[in-house]
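Indexing begins at 1, ligand by ligand and atom by atom, following the structure's order.
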Amino acid sequence: MELMRNFIGNEWTEGSSRIRNINPSDTNDVIGLYASADAAATNTAIEAAAAASFSWSRSTPEVRSDILDKIGTEILARREELGTLLSREEGKILSEGIGEVVRAGRVFKFFAGEAVRLNGERVRSVRPGVDIDVVREPEGVIGLITPWNFPIAIPAWKIAPALAYGNCVVFKPAEMVPGSAWALSEIISRSGLPDGVFNLVMGPGSKVGQALVDHPKVRAISFTGSVPTGSRIGLACFQSGKKVQMEMGGKNPLVVLNDADLDLAINTAVNGAFFSTGQRCTASSRLIVEDGIHDRFVEGVVAKLSKLRVGHALDKASEIGPVVSESQFEQDLDYVRLGKEEGARLAFGGERLNREHPGYYMSPALFVETSNDMRINREEIFGPVATVIRARNYDDALEIANDTQFGLSSGICTTSLKYAEDFKHKSAAGMVMVNLPTAGVDYHVPFGGRKGSSYGPREQGAYAREFYTSVKTAYTLA
Ligand code: NDP
């Protein structure tokens, strides 16, 4: 089997060990063998990026725009092939895999436009004869650390703005899903970027990720992943004076009011909680339902779950793919056990399923009669597990929705303009949805959360420039 190598200083290099990429829909299927880098190789990549940094920072916006556009065009043209690879390694169903690839392509196209739109300001000084220029400059070398659940979209929405604004990149994808990251990097390697501007280092977070965080020539770290890892990285960046942006977990509430359109609410909840196997930071994991609609809602969700087909990600009939790995599967099953111990009632699912191929198949789990202080409602599970919490009225539902350490996304199903507007104002989340699932966002607007979910400037859309550029204020006495 061919070894897929790391891309360091414009060379494809072997690592010190190997990563085996396993298909969670069929664990007998080895997708590929990938080189695993160590700290020394990561340092070489950082030095290559640092050497390329000045010259790339002076490249014209048009050069950057053309390169990003070319990358986006190739990604979109290869959507079926790349989507198949993504679904094979991560386990989301094929339509979701292709959808994610399209999103990645669109992100590159968007930032191709942003590269030429970046502008500054000229301001008159309060002192006579003095003019002031406020301009944005690249940060320099940026370390990008990504999780496994969106193996091409998250890398895209970090790499594209980093390059668009003139930074050099050292990219460390999650070890569990090197395939999409490698394919994306291979496309980028042929896009016309000067040597060293873009580097791929696959390997464990404890070595490769840590080397990025530790190196003094890395000026900024953009991280997406879990809260414990993010907290450690954030602290280390603070101590070494690096700029840092962190997108982490969620425990996103979806409020369903008595006046909601019942079918819409059921579909919104099932989509938000269980599509992509519930492995989305924006998944609707707490369904907070007003008393008057509670029983009909639960009955409808259970009926829908009982018909959902869990199966091989590449089988066109599948509606939910497998969980990504054995360890994630064990964690999901542990939470199902915990929910029962805490006194919640399992209304559906939560079991290991056997399919034609050996894989991590789990029936979507719905807990009812839960309270917001249970651990299944406090901690991010990150699998196909959702809970229902009964609320007395709108105010009660709003209070429960905001009573969490997280604040990524939230939603409400209602036909009342009054409650929809009130919820948009009072929800303590970075993204709020009305009659839409908490997951599923656009690429041209800011993405991010509040409280324990996020730290630093927003990602995506034009807001991405806040992280990927540094502001300079220049004074001139004419
Ligand atoms: P992890 O925090 O385990 O890993 C994220 C990345 O950090 C991986 O590339 C990992 O490497 C790396 N890493 C691990 N240890 C270190 C370290 N010491 N120094 C530097 N890097 C390190 O998260 P998961 O991959 O399990 O992803 C799931 C999490 O991501 C969930 O909590 C989810 O909510 C969150 N997420 C948040 C999103 C958001 O936008 N808010 C979007 C998507 C997911 P490796 O695994 O290869 O060892």
Side-chain angles (χ1 to χ4, degrees), residues 15 17 19 21 34 36-39 42 89-90 92 100 103 143-158 170-178 180-181 200-215 218 221-237 240 242 244-252 276-285 323-325 327-329 331-332 379-383 404-409 429-431 438-441 443 446-460 464:
S17 56
I19 304 166
N21 191 1
Y34 294 79
S36 181
D38 55 13
T42 309
E89 72 173 347
E90 199 272 349
K92 63 183 64 170
E100 188 184 327
R103 181 190 179 91
L144 306 179
I145 302 174
T146 57
W148 50 261
N149 66 329
F150 283 94
I152 198 164
I154 294 180
W157 80 55
K158 294 184 191 297
V170 182
F171 165 42
K172 184 235 147 337
E175 227 189 354
M176 215 178 331
V177 287
S180 302
L200 166 73
V201 271
M202 300 174 286
S206 56
K207 290 183 185 164
V208 173
Q210 196 61 47
L212 274 175
V213 172
D214 290 342
H215 202 293
V218 175
I221 296 278
S222 179
F223 166 84
T224 301
S226 64
V227 173
T229 311
S231 307
R232 282 201 300 279
I233 290 176
L235 196 58
C237 287
S240 60
K242 284 186 179 54
V244 65
Q245 168 186 66
M246 299 185 293
E247 285 300 336
M248 298 172 285
K251 197 72 193 172
N252 311 291
S276 297
T277 323
Q279 297 174 151
R280 296 188 282 193
C281 50
T282 48
S284 316
S285 45
V323 170
V324 71
S325 66
S327 62
Q328 186 65 46
F329 198 10
Q331 182 175 311
D332 296 344
E379 297 168 17
E380 184 184 46
I381 299 174
F382 218 58
T404 167
Q405 60 159 320
F406 298 105
L408 187 55
S409 183
M431 297 175 288
T438 54
V441 294
Y443 58 83
F447 175 95
R450 296 183 182 175
K451 299 199 276 185
S453 290
S454 302
Y455 181 87
R458 289 282 186 268
E459 299 202 76
Q460 302 192 59

Residues which pass side chain to side chain donor-acceptor pair (under 3.5 Å) with S231, listed by chain and number, not counting sequence neighbours:
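Counting only residues at least two positions away or on another chain, S231 forms no side chain to side chain donor-acceptor pair (under 3.5 Å).
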
inquiry  = As a test of reading the model: which residues have a non-hydrogen atom less than 4.0 Å away from ligand 1?
reply    =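 Those residues closer than 4.0 Å to ligand 1 by some heavy atom are I145, T146, P147, W148, N149, I154, K172, P173, A174, E175, G203, P204, G205, G209, Q210, F223, T224, G225, S226, T229, I233, E247, M248, G249, C281, E380, F382, L408, F447.
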
For T438 and S284, indicate whether the former's side chain and the latter's backbone hold a donor-acceptor pair under 3.5 Å.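 A pair under 3.5 Å: yes.
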
Mind checking whether F150 and R103 have side chains closer than 4.5 Å, heavy atoms only?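 Side-chain contact under 4.5 Å: no.
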
### Partners meeting salt bridge (charged side-chain N to carboxylate O under 4.0 Å, His left out) with K92 (sequence neighbours left out)
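K92 satisfies salt bridge (charged side-chain N to carboxylate O under 4.0 Å, His left out) with E100 only.
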
Excluding sequence neighbours, so at least two apart, what forms salt bridge (charged side-chain N to carboxylate O under 4.0 Å, His left out) with E459?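 With neighbours one apart ignored, the set is K158.
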
Can S180 and E89 be counted as having a side-chain donor-acceptor contact under 3.5 angstrom?
->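 Side chains of S180 and E89: pair found under 3.5 Å.
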
